[in-house]
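Data first, discussion second: the structure below is written as structure tokens.
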Amino acid sequence: MNNIFWRVTALFLHAMGNIIAGSYLTSFDITGSWLYVSIFVLVMILLLFLFITHLFSFIKYIKTNSK
């Protein structure tokens, strides 16, 4: 049960980190350059991809260790 607590905590911190990073990146005015818009979109896609892979890993862990 202790391991599940740490996994949930890590997943929650990852989600909060994504929200903070997204909020920080949206505070800049990126409308003047296509390069900045492209970088912003790529960073957001990367954060989303990493979060989804960690979420699927967590779900797989729950399925294999639930009794």
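Heavy atoms only: backbone and side chains are in, while hydrogens, waters and symmetry mates are out.
- When the side chains of ILVMFWY residues are joined at heavy-atom separations under 4.5 Å, either directly or via intervening members, Leu55 and Tyr61 end up in a single hydrophobic cluster.
- Atom OH of Tyr36 sits in a sparse spot, with 12 or fewer heavy atoms from other residues, nucleotides or ligands closer than 6.0 Å.
- Among residues two or more places apart in sequence or in another chain, the side chain to side chain donor-acceptor pair (under 3.5 Å) test is passed with Ser27 by none.
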Just list the side-chain donor-acceptor pairs under 3.5 Å for residues 41-53, sequence neighbours left out, or say none.
{"from": "Thr53", "atom 1": "OG1", "to": "Phe49", "atom 2": "O", "distance (Å)": "3.1"}
{"from": "Thr53", "atom 1": "OG1", "to": "Leu50", "atom 2": "O", "distance (Å)": "2.8"}

Got a list of side-chain donor-acceptor pairs under 3.5 Å for residues 9-17, not counting sequence neighbours?
{"from": "Thr9", "atom 1": "OG1", "to": "Phe5", "atom 2": "O", "distance (Å)": "2.7"}
{"from": "His14", "atom 1": "ND1", "to": "His54", "atom 2": "ND1", "distance (Å)": "3.4"}

